[in-house]
Each structure stands twice: as C-alpha cells, then as structure tokens.
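Here the structure is a predicted model, which means the values were calculated and not measured. So that the names make sense, note that chain A is the first sequence line, chain B the second, and so on, each numbered from 1.
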2 protein chains.
Amino acid sequence: MMPMGGIGVGLDDDSAALDTGAAVSAHEVLAVVLQIRHDRLSVLLWRRALPPCEGLWALPGGRLGGTEGLDESIRRQLAQKVDVRDLTHLEQLETRGEPDRHPRGRTLATAYLGLIPADIDPATPDDTEWHPASDLPAMGFDHAAIVHSARRRLRAKLSYTNVGFALAPPEFTMSELSRYYRAALGHDVAATNLRRVLLRRGQIEETGESVPSGRSGGRPAAVFRFRVRRMEITDAFAVLRPPSDT
Amino acid sequence: MMPMGGIGVGLDDDSAALDTGAAVSAHEVLAVVLQIRHDRLSVLLWRRALPPCEGLWALPGGRLGGTEGLDESIRRQLAQKVDVRDLTHLEQLETRGEPDRHPRGRTLATAYLGLIPADIDPATPDDTEWHPASDLPAMGFDHAAIVHSARRRLRAKLSYTNVGFALAPPEFTMSELSRYYRAALGHDVAATNLRRVLLRRGQIEETGESVPSGRSGGRPAAVFRFRVRRMEITDAFAVLRPPSDT
DNA sequence: CCAGTTTATGTCCAACAGGCGAAAACTTGT
DNA sequence: ACAAGTTTTCGCCTGTTGGACATAAACTGG
C-alpha cells in the first residue's frame, strides 16, 4: 500500500521496478480440460509422484519455455497428458500470482480452459485420470480453485456463446445435446426449448439425417450439427442493444 | 508443435520444463484505466521519455515485485500515475506472453481493467494524459490491442452486470446515466428504458431527492444510486435458466 | 400565463423463453 | 396386423422482457 494512497513520484516504470526488488519469478501454464463423460462434467487430472504436493492431484501443465508464447506452451505441456488434436476449444482463463501459491518459490500461473467433445475417449498416461468436476479429489496448490473458475466460465459461456459445439460431437440429436447441457450446467434443460433457442440463434442446423432412438423403440431423432465450430457470441446481450434500424 | 500431435512421454512437469530451456522471464502488470470524460470513454496513458518505445504512449504499469501478488502490484504501480482511491473497480483482463512483445527481452504482461467514476478529475503527473479510447495516439508495445480488449470487456459487462456503478458518480439522474452508457457502449441508450431495466433488475434505486435540470428549465430529475457498489452479475442469463420453482 | 424544455409515466408491440399437451414415428410383443 | 409403450417433434399458451413512442407532469423564462 502506498502511504496515503496518493500519487507517487513520476519514476520511469523500469527503474521503479528495480528498487522494489523484482525477482526471477518462474511462470507456469496450466489447463483445466473439461469433457462430459457418462453424463458428468469431468476434469483431466494427474497424480503427482514427486514433491511438492506428492500424492495429490494436479492440473496438467508445466513451466513456460524461454522462447514460446503462452498459447504455444500450454499446447506443448498438454500434449504430455492428452492428444491435443482432440481439443475443440482452448481459451485463457486467469493468471494467479500470489507469492505463496507455490511451495517451491515464486511461481506465476496462467490457467487455460480446454474442452473435448463427449464422443471420444482420449488415451491418457497412467498417472492421469478423469475426475467429476463436482467431486474433486484432494488437489495440490491452488488448482481446485482454478477448476472452479473454469466451471463458472463454462456455465456462463454456454448461455451467450456457441461453446456447446466444443462439448458435443460433430453430430448429435437434441436429447443428447440436452444431456450435455444438463451435465455442464448442473440442472435440467428441456430438449424442446433448447432446440428452439439454438435454432433461432442460428447456432445449430439439421443435417437431414435421422437416427433410431434408444433400444426400446421410439420415434427416430433428427440429427443436428453446430453451424460454426469456433467460439462466437450469439446472444447480442439483452439490454442496451444498438437501436434497431428496421 | 509436437510431432504427430500425439501424447508425449509422461515426464514430470518440472523436469520437462527444464530441458525446454525455461528462462528468466520478466513479468509486468499493466492497467487500462477507463473513465467517461466529457461524454467520451477515455484511457489513462503516459508518454514514455526513455527507450524502448521512446515518445510513444503506454499503459501505466511496471515490473512485478519479488514478493507481491498481481493485484497488489498493479495497485502499487498505478499509484504512480493516479490516485488509486478513485478506482471504483479493478479486475484482471488478460495475460500476454508472446516472446517478442517487448523489445528488451522476454516479458509477460498481466493486464487489468480499472474504472473511475465520471464525476472526479484525478490529479495526474505531467507525463500522463487522458485519451479518447476510440481515437488512440501512437502506442508502444501491444498496448493498443490491450485497450481494445478492455473496451470489449466493459461493453459486455455493462449488459449483464452492474458495472455501471463504477462509471457513474454515487448519485445521478437517469439522463446523466444514459449519457455514460452511451459513451461506453458507443450508441444511444434511451433513458426511459434504461431506467425500467435497471430498476427491475434491482441495480438502482431512487434516493428520494430531485435536482433541477439543465439551465434552460425543465422538470426536475429524480436522483438515483446503485444499490450495490461492487460487481455483481444481475442478468441470470437468458436461456437455459434453471427451471423455475413457482 | 404561455411557450419551451426536460423528465416521468404508460401503452403498444415484437421477440423470447418456459411449460404443456397432442401428434408423429418408430419398436416390441401378442 | 394391431395394440401398447417409448421417444421425439410440433404447436399453443403464457408471462417476461425490451425497444419505440405518445402523452402527461414539472419546472424556467419571458
């Protein structure tokens, strides 16, 4: 805290930084990789074999390389735990820098949110497992808090963007899709309403195909797909829209 | 890029990082401080007197200290350019880490978004000035891009949160508030509808007072205030709400 | 006291979303 | 072939929301 909260002297930023004792700080990247598995939102975690936090579960990630960008780095690190080609979406989440967040000394962490569609079962190393996001195991560092941030972000974005495409397989029926939404949002979503809303927003379209429904009979379900498979904001937010020019 | 994009060997993250050549990377914090000034959304910038980027305009900020957290650091750095007590809101925006974003060598930057209410005119050092966000001067580094991120974030949040409190003075009339919204959003906002929406969402309330309107006469305007003066999400997003239990 | 200006209130309408029930389309069993 | 059961689809109704607009209210100045 600056004394009195007033304006300090107009030092140049570089010099000002030096006398505060800028230190060599490590920087790591982490990823919260989410996938709907068996109707549950799940996170990819690995069990630490070595200290610090030995035996606890942690997010995939690692130290930032000297010549790579953040996006580049998280993809490289992630490749050690899962096939990165399966990722349908990856975005930056937040950066944490509390001085004591890492027992090994000052380490900043930039966390990412990654999504994998529900239809695939990526191969993972032995130390790596999927855990339900609503029932996390004992986790090291501040990783549990980061997972919660990611869930919140995902829930919000499901409502005003087309992120659904990243959770669902390329083609799906409405009842499947509503199950994915239910798993991610934590509450029921009526397939009927979901269909109407996503169609009106132009997020999804019918492929023309249809597939027989579950084994006990029933009307065949129409097959849909997302029209665009990269993130877009599709809900021009409610209030305060620019005046319509019709 | 990993060859074939497959799964790498299961190295521990720390060791994996070392052989990639983890380097001493500097970390800086930056802030996009926005305020509505004379009906225009404006950014606080300072002119660099020394290289790199000498003579260009830059965001306030500086090197992260060795023992401080990110939030702590940005407040300290900001105190050199403006009275931090005037900030009504401060949130993390994004972190940039392209290896070439800083000519002096590898420097990560975590950017913040800060807001100052429209009614005050904070004292600033000689090298520091307010610039219209829609008409930026020549800026160094990637700072112009960061300002654009901040504007987008603010526009979005005005629609589904109560951030308005951070742009407006503690008390205001509806026509004043609609001018602030217009400046921040870039389009007209009808005071009538704004009032109805913000009242229904419980964001604002009448103080009971009223003030005479502009110098040329007119009905006195009712005075309002925001009920809560810290960020809250007030629009439980449209679609996909939990089923109502009425 | 009237004209002009600004704010407040109310109404209309279109869009939207949630709920529900009926119809459609299919499977299985008799 | 037909009935029963299941799942999806479609249409209707309702309550809410937000943008536009018109009218009423309140005040100033001449």
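Within residues 217-224 of chain B, the residues having any heavy atom under 4.0 Å from DNA chain D are, by residue number, B/G217, B/G218, B/R219, B/P220.
Taking only distance into account, the side chain of A/R200 never meets the base of C/dA15 through a donor-acceptor pair shorter than 3.5 Å.
If you take CG of B/L177 and P of C/dT7, they are 13 Å apart, rounded to a whole angstrom. Rounded to a whole Å, the CG atom of A/L199 is 13 Å from the P atom of C/dC16. A/R195 places its CZ atom 18 Å from the P atom of D/dT7, with the value rounded to the nearest Å. The CG-C1' distance, from B/N193 to C/dA8, rounds to 13 Å in whole Å. If you take CE of A/M174 and P of D/dC10, they are 11 Å apart, rounded to a whole angstrom. Protein atom CD of B/E176 is 12 Å distant from nucleotide atom C1' of C/dT7, rounded to whole Å. Atom CZ in B/R196 sits about 14 Å away from atom P in D/dC21, given to the nearest Å. For B/L194 and C/dT7, the CG to C1' distance is 14 Å, given to the nearest whole Å.
Evaluation of the salt bridge (Lys or Arg N to Asp or Glu O under 4.0 Å) rule for B/D121 yields B/R37 as partners, not counting sequence neighbours. For A/R179, the salt bridge (Lys or Arg N to Asp or Glu O under 4.0 Å) criterion is met by A/D39, not counting sequence neighbours. Contacts of B/E98 classified as salt bridge (Lys or Arg N to Asp or Glu O under 4.0 Å), with partners at least two apart in sequence or in another chain: none. Partners of A/R40 by side-chain hydrogen bond (donor to acceptor under 3.5 Å, both in side chains), not counting sequence neighbours, listed by chain and number: A/S134. For B/R219, the salt bridge (Lys or Arg N to Asp or Glu O under 4.0 Å) criterion is met by no residue, not counting sequence neighbours.
Residue A/T192 is the one, among A/S210 and A/T192, whose nearest nucleotide of DNA chain C lies closer to the 5' end (criterion: closest heavy atom).
Between the side chains of B/S42 and B/Q35, no donor-acceptor pair of N or O atoms lies under 3.5 Å.
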